[in-house]
S.K.: 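Here it is, the structure, as structure tokens.
Lettering of chains follows the sequences in order, A, B, ..., and the numbering in each one begins at 1.
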Amino acid sequence: MPELPEVETSKRGISPHISGQKLTNVVVRHPTLRWPVAKDMQRHLFSSKLLKVTRRAKYLLLEFETKTILMHLGMSGSVRITSSGTLINKHDHIDFEFANKKILRFTDPRRFGCCLWFDDPIAQKLLTTLGPEPLSDDFNLEQFTETCKKRKAAIKQVIMDNKVVVGVGNIYAAESLFRASIRPTTPANKISKERLNGLLSSIKQVLANAIEQGGTTLKDFSQSDGKPGYFKQELMVYGREGEPCLNCHTTIKGIRQGQRATAYCPKCQR
DNA sequence: AAAGACACCTGGGAGC
DNA sequence: TGCTCCCAGGTGTCTT
């Protein structure tokens with residue numbers, strides 16, 4: 001489910017409900033996520049105030065007075081605000097209960113997500129390899145062209161590499177490449193600086209636009225208020241294999257790159 | 001250092 | 001209706 005816009009949407013959705021609140025209880029029902037869920041959360045966080053919720057790449061950070069929690073939603077995870085007494089479903093793994101009676105509930109059917117202490121060595125290792133935030137000036141043309149010069153892998157694989165830029169997953173990689181008229185299979189080192197500049201802009205625009213729309217709802221992603229994300233209506237190529245290009249009516253082609261599905265328009269993207 | 005294959009896990013849909 | 005197979009929004013790790 002979650003790429004950067006979905007994580008950002010989640011952050012914005014949950015933050016107003018729980019920021020500034022003291023934690024009263026933590027319930028861990030299924031601690032075997034990608035890595036074992038942080039131990040002793042209750043002891044370290046009890047009565048500790050949640051200062052703020054922030055995001056780095058696709059990680060959510062719950063910054064408490066005492067310690068910070070780092071969460072990842074994996075491929076199927078979500079967080080939402082609920083209240084006590086609501087039905088607990090099979091994959092509702094963790095509840096953070098706050099003094100205002102609101103509950104932050106972490107759900108993840110495939111359990112690819114994680115919930116670690118920020119200062120856990122595993123978490124630190126995850127964070128240190130991360131490249132620049134796509135919407136910041138750290139992700140810029142000079143640095144991007146330098147990186148691409150050294151890479152002969154397909155451009156789609158390169159922009160999905162966390163060391164190059166964070167937060168660009170399978171959906172938004174495909175969409176950005178369409179908007180930049182670049183074929184996903186093109187070796188990164190064969191693309192001119194001008195076209196890389198177009199791609200850089202497309203990535204920023206697509207992500208910013210998706211955040212404005214509340215993310216992309218494919219199956220079960222929803223904003224914290226339960227509404228779906230509306231970016232799906234703007235998808236030009238992702239999931240449209242075999243359908244006509246919305247720009248030129250050529251049939252959208254579907255291929256595989258590195259075990260992932262890729263869709264592109266063979267006429268618009270060269 | 002870079003690239004590719006494989007791993008983790010569950011659920012949904014297609015095809016038989 | 002039920003079985004098997006394939007696919008899915010991510011990304012760390014191991015091997016070349």
S.K.: Expressed as a whole number of angstroms, how long is the span from A:Met75:CE to B:dG12:C1'?
M.R.: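 Nearest whole value for this atom pair: 13 Å.
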S.K.: Partner of C:dG9 by Watson-Crick or G-U wobble geometry, both contacts under 3.5 Å, or none?
M.R.: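 Partner of C:dG9: none found under 3.5 Å.
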S.K.: When you check the phosphate oxygens OP1 and OP2 of B:dG11, does a side-chain N or O of A:His91 lie under 4.0 Å from one of them?
M.R.: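 Looking at the OP1 and OP2 atoms of B:dG11, one of them is under 4.0 Å from a side-chain N or O of A:His91.
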S.K.: Indicate whether any N or O donor in one side chain lies under 3.5 Å from an N or O acceptor in the other, for A:Arg105 and A:Thr86.
M.R.: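 Yes, because at least one side-chain N or O of A:Arg105 sits under 3.5 Å from a partner of the opposite role on A:Thr86.
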S.K.: I need the minimum non-hydrogen distance between A:Trp117 and A:Met41, along with the two atoms involved.
M.R.: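 So the two residues come closest at CZ2-CA, 3.6 Å.
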S.K.: Nearest to the side chain of A:Pro109, heavy atoms from C-beta on, is which of B:dG11, C:dT11, C:dG9?
M.R.: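 Within the option list, the nearest is B:dG11.
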S.K.: In this structure, how many angstroms lie between the P atom of B:dA1 and the CG atom of A:Asn189, rounded?
M.R.: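 After rounding, the reported distance stands at 19 Å.
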S.K.: A:Phe112 has an atom CZ; how far is it from atom P of C:dC7, in whole Å?
M.R.: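 Atom CZ in A:Phe112 sits about 15 Å away from atom P in C:dC7.
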S.K.: When the distance from CG of A:Leu70 to P of C:dG12 is rounded to whole Å, what number comes out?
M.R.: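 So the two atoms are 11 Å apart, to the nearest Å.
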S.K.: Tell me: NZ of A:Lys156 to P of C:dG10, nearest whole Å?
M.R.: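 One finds 9 Å between P of C:dG10 and NZ of A:Lys156, rounded.
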S.K.: Reading DNA chain C from 5' onward, which residue's closest nucleotide shows up sooner: A:Ala261 or A:Tyr59?
M.R.: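 The 5'-side residue here is A:Ala261.
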S.K.: If you compare every side-chain N and O of A:Tyr172 against the phosphate oxygens of C:dG9 (OP1, OP2), does one of them come in below 4.0 Å?
M.R.: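 Answer no for this pair, as no side-chain N or O of A:Tyr172 is under 4.0 Å from OP1 or OP2.
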S.K.: With under 30° as parallel and over 60° as perpendicular, where do the rings of A:His72 and A:Tyr59 fit, or are they tilted in between?
M.R.: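 It falls in the perpendicular class, over 60°.
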S.K.: OP1 or OP2 of B:dG11 sitting under 4.0 Å from any side-chain N/O of A:Lys90?
M.R.: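 Answer yes for this pair, as a side-chain N or O of A:Lys90 is under 4.0 Å from OP1 or OP2.
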S.K.: In whole angstrom, what separates A:Asp161's CG from B:dA1's C1'?
M.R.: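 In whole Å, B:dA1 C1' and A:Asp161 CG are 12 Å from each other.
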S.K.: Pairing donors with acceptors under 3.5 angstrom, does anything connect the side chains of A:His44 and A:Lys67?
M.R.: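 No donor-acceptor contact under 3.5 Å links the two side chains.
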S.K.: For C:dT13, take OP1 and OP2 only and decide whether either is under 4.0 Å from a side-chain N or O of A:Lys125.
M.R.: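 The answer is yes; a side-chain N or O of A:Lys125 sits under 4.0 Å from OP1 or OP2.
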S.K.: Could you give the CG-to-C1' distance, from A:Asn162 to B:dA3, as a whole number of Å?
M.R.: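 To the nearest whole Å, that distance equals 16 Å.
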S.K.: Across the strands shown, which category fits A:Arg111 at heavy-atom distances under 4.0 angstrom: base, sugar-phosphate, nothing?
M.R.: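 The answer is sugar-phosphate, as A:Arg111 gets under 4.0 Å only of primed atoms, P, OP1 or OP2.
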S.K.: Which nucleotide in the list B:dC6, C:dG12, B:dT10 gets nearest to the side chain of A:Gln259?
M.R.: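 Shortest atom-to-atom distance from the side chain points to B:dC6.
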S.K.: Using the side chain to side chain contact (heavy atoms under 4.5 Å, CB included) definition, which of the options A:Gln269, A:Gln257, A:Gln157 pairs with A:Thr185?
M.R.: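 The residue from A:Gln269, A:Gln257, A:Gln157 that satisfies side chain to side chain contact (heavy atoms under 4.5 Å, CB included) with A:Thr185 turns out to be A:Gln257.
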S.K.: Whole angstroms only, please: what is the CZ-C1' distance between A:Arg110 and C:dC7?
M.R.: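 Answer to the nearest Å: 9 Å.
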S.K.: State which of C:dT11, B:dA3, C:dG9 makes the closest approach to the side chain of A:Ala153.
M.R.: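 Nucleotide nearest to A:Ala153's side chain: B:dA3.
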S.K.: Which is true for A:Gly258 with a 4.0 Å heavy-atom rule: it touches a base, it touches only sugar-phosphate, or it touches nothing?
M.R.: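 A:Gly258: no heavy atom of the nucleic acid under 4.0 Å.
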S.K.: Centroid-to-centroid, A:Phe231 to A:Tyr172, below 6.0 Å?
M.R.: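 For A:Phe231 and A:Tyr172, the ring centres are under 6.0 Å apart.
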S.K.: Report the residue (A:Lys152 or A:Arg34) whose heavy-atom-nearest nucleotide on DNA chain B is the more 5′ of the two.
M.R.: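 Closest to the 5' end, via its nearest nucleotide, is A:Lys152.
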S.K.: With a cut-off of less than 4.0 Å, is there a side-chain N or O of A:Arg151 near OP1 or OP2 of B:dA3?
M.R.: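 Result: yes.
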S.K.: When we call it a touch if two heavy atoms are under 4.0 Å apart, what does A:Arg260 touch: a base, just sugar-phosphate, or nothing?
M.R.: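 If one applies the 4.0 Å heavy-atom cut-off, A:Arg260 turns out to touch a base.
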S.K.: Looking at B:dG4, C:dC7, C:dG12, which one has an atom nearest to any side-chain atom of A:Arg256?
M.R.: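 Given the options B:dG4, C:dC7, C:dG12, the side chain of A:Arg256 is closest to C:dC7.
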S.K.: Can you tell me if the side-chain N/O atoms of A:Lys58 get under 4.0 Å from OP1 or OP2 in C:dG10?
M.R.: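 True: A:Lys58 side-chain N/O within range (under 4.0 Å) of C:dG10 OP1/OP2.
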S.K.: Suppose you measure atom P in C:dC7 against the same atom in B:dA5; what distance do you get, rounded to whole Å?
M.R.: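 Per the computed distance, 15 Å lies between those P atoms.
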